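Quick caveat, the model's predicted, so the values are computed rather than measured.
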Amino acid sequence: MLLSCQEQMLPGATLLAKWDFARRAGFDAVELRGRGDLSFRDRLPELRQAKAAGVVMPTVCVEMSHFIGDFDAERRRDAIANMACQLSVMAELEGVGAMTPASWGMFSYRLPPFVPPRSAEEDRKVLLDALNELGEHAEREGVVLLLEPLNRYEDHMVNRLDHAIELIKATDSDGVRVGADTYHMNIEEAAPLDALREAAPWLGHVQISDSNRLEPGAGHLDWRSLTATLAEIDYSGSLAVECRLSGPPEEVLPTVPPLLR
């Protein structure tokens, strides 16, 4: 398994400087962040240069204000266009794919007004339309769209790995896979390791942070059991650190790889 770190967490003014630090800290790769307005495509000169210099960039995680399950049709179309763009860029970089949730911060059943403006059936149709379109695009490009379940406070549609798997099965596309996140799993999954075992045939990517959203080792998650479970199911993707840090990155990030090797 490749161990990667998201680029915004790494010290350095350039991607090459961040890569230099990442390698010295014990990481194998850098996970990119993909902003909206097709700006990820605008980074292609920088990313091509980084690839030529040996930077390993298997995945990109979306960083936008709206997503493929947005209530607004225009914003939804924009999110789909941005995800298609990110998939194409990752294909050029010979990466694995692009990760997105259904939505983030749009609505929660746990907060007022408690009743969403769209029914569960309409939610499912909207998501399937987006996943089918992006799955076909991903297949053509030779990459995958990674659907990330979020916890109940951040999204009302896809909270657990089995929620994502049900949608993926309905698309019948090899271009869509599950992107698991240990922070969200710690909240939503009754048995996170069993959930990973059951998700094995559809598991395309794993993001990691501890129970408190800090770096692995700063909370109560059992990292040895996690890595043993991933080895048990023959997971060959990457682990990407996505978290807040409990201290300066120069001090904190080098403590992470020894927990996961």
Side-chain angles (χ1 to χ4, degrees), residues 1-65 82 85-86 89-90 92-101 104-105 146 148 150 154 179-184 186 205-221 223-224 226-227 230 237-261:
M1 291 182 290
L2 287 178
L3 179 59
S4 63
C5 184
Q6 284 198 350
E7 61 178 318
Q8 79 281 359
M9 299 164 54
L10 295 164
T14 67
L15 189 51
L16 292 179
K18 292 174 181 290
W19 171 239
D20 180 64
F21 174 87
R23 287 189 298 174
R24 288 187 284 106
F27 294 93
D28 309 306
V30 175
E31 178 162 85
L32 302 169
R33 297 282 285 195
R35 295 181 179 175
D37 298 322
L38 304 179
S39 61
F40 195 59
R41 181 184 60 193
D42 297 337
R43 290 185 64 186
L44 261 173
E46 171 202 11
L47 298 176
R48 288 172 181 144
Q49 180 185 33
K51 182 177 182 296
V55 181
V56 180
M57 300 168 285
T59 49
V60 59
C61 181
V62 66
E63 182 182 7
M64 296 194 301
S65 62
N82 272 277
C85 171
Q86 291 185 22
V89 171
M90 292 311 300
E92 179 167 341
L93 298 177
E94 299 181 309
V96 172
M99 187 162 179
T100 184
W104 176 80
L146 300 156
E148 178 186 11
L150 301 187
E154 299 180 32
D181 185 305
T182 59
Y183 171 73
H184 300 294
N186 179 62
H205 187 51
V206 179
Q207 288 182 334
I208 54 175
S209 64
D210 220 315
S211 55
N212 49 11
R213 205 40 155 170
L214 294 175
E215 73 277 358
H220 65 243
L221 296 187
W223 296 102
R224 294 301 181 195
L226 175 75
T227 54
L230 293 174
S238 59
L239 298 179
V241 179
E242 180 197 38
C243 63
R244 302 179 184 91
L245 299 177
S246 63
E250 294 85 354
E251 298 175 10
V252 170
L253 287 175
T255 70
V256 174
L259 294 174
L260 303 164
R261 301 297 189 187

Next on the checklist: Quick one about Arg213 and Ser209 (side-chain donor to acceptor, distance below 3.5 Å, no hydrogens or angles considered), yes or no?
Outcome noted: yes

Item to check | Arg261 and Leu3: CA distance, side-chain angles, deciding distance, side chain to side chain contact (heavy atoms under 4.5 Å, CB included) verdict | outcome: CA-CA 9 Å; Arg261 301 297 189 187; Leu3 179 59; 3.9 Å; yes

Using the salt bridge (Lys or Arg N to Asp or Glu O under 4.0 Å) criterion, which residues pair with [X]? Sequence neighbours excluded.
X      : answer
Asp42  : none
Glu250 : none
Asp37  : none

Please name the pair of heavy atoms, one in [X] and one in [Y], separated by the smallest distance, quoted to 0.1 Å.
X      : Y      : answer
Ile208 : Thr182 : CA-OG1, 3.4 Å
Phe27  : Val241 : CE2-CG2, 3.8 Å
Val30  : Trp19  : CG2-CE3, 3.8 Å
Gly12  : Ala17  : CA-CB, 4.0 Å
Asp210 : Ala218 : OD2-N, 3.3 Å
Val60  : Gly34  : CG2-N, 3.4 Å

Item to check | Ser246 backbone acceptor or donor facing Glu215 side chain under 3.5 Å | outcome: yes

Checklist entry - Which pairs pass side-chain hydrogen bond (donor to acceptor under 3.5 Å, both in side chains) with one or both residues in residues 51-61, sequence neighbours excluded? => result Glu31-Thr59, Lys51-Glu94

When rounded to the nearest 0.5 angstrom, what is the spacing between [atom1] in [X] and [atom2] in [Y]?
X      : Y      : atom1 : atom2 : answer
Asp181 : Asn186 : CG    : CG    : 10.0 Å
Asn82  : Met64  : CG    : CE    : 4.5 Å
Cys85  : Met90  : SG    : CE    : 11.5 Å
Thr227 : Leu239 : OG1   : CG    : 8.5 Å
Gln207 : His184 : CD    : NE2   : 7.5 Å
Leu146 : Cys61  : CG    : SG    : 9.5 Å

So for atom [atom1], which belongs to [X], do other residues, nucleotides or ligands contribute more than 12 heavy atoms lying within a distance under 6.0 Å?
X      : atom1 : answer
Arg35  : CZ    : no
Gln49  : CD    : no
Trp104 : CH2   : no

Side chains of [X] and [Y]: closer than 4.5 Å at any heavy-atom pair?
X      : Y      : value
Leu15  : Leu32  : yes
Pro58  : Val56  : yes
Thr100 : Glu148 : no
Met9   : Leu253 : yes

Checklist entry - Can you list the steps and then say if Val55 with Leu16 is a side chain to side chain contact (heavy atoms under 4.5 Å, CB included)? => result CA-CA 7 Å; Val55 181; Leu16 292 179; 3.7 Å; yes

Checklist entry - Listed by chain and number, what are the side-chain hydrogen bond (donor to acceptor under 3.5 Å, both in side chains) partners of Arg224, not counting sequence neighbours? => result none

Checklist outcome for this item: Taken in chain and number order and not counting sequence neighbours, the residues that satisfy side-chain hydrogen bond (donor to acceptor under 3.5 Å, both in side chains) with Ser211 are His220

Item to check | Criterion side chain to side chain contact (heavy atoms under 4.5 Å, CB included) on Phe40 and Leu38, from CA distance to verdict | outcome: CA-CA 5 Å; Phe40 195 59; Leu38 304 179; over 6 Å; no

Checklist entry - Do Arg48 and Glu92 sit within salt-bridge range, that is, some charged N less than 4.0 Å from a carboxylate O? => result yes

Item to check | Pair Glu7 + Lys18, salt bridge at N-O below 4.0 Å | outcome: no

Checklist entry - Given Val206 and Ser238, is the side chain to side chain contact (heavy atoms under 4.5 Å, CB included) satisfied, shown in steps? => result CA-CA 6 Å; Val206 179; Ser238 59; over 6 Å; no

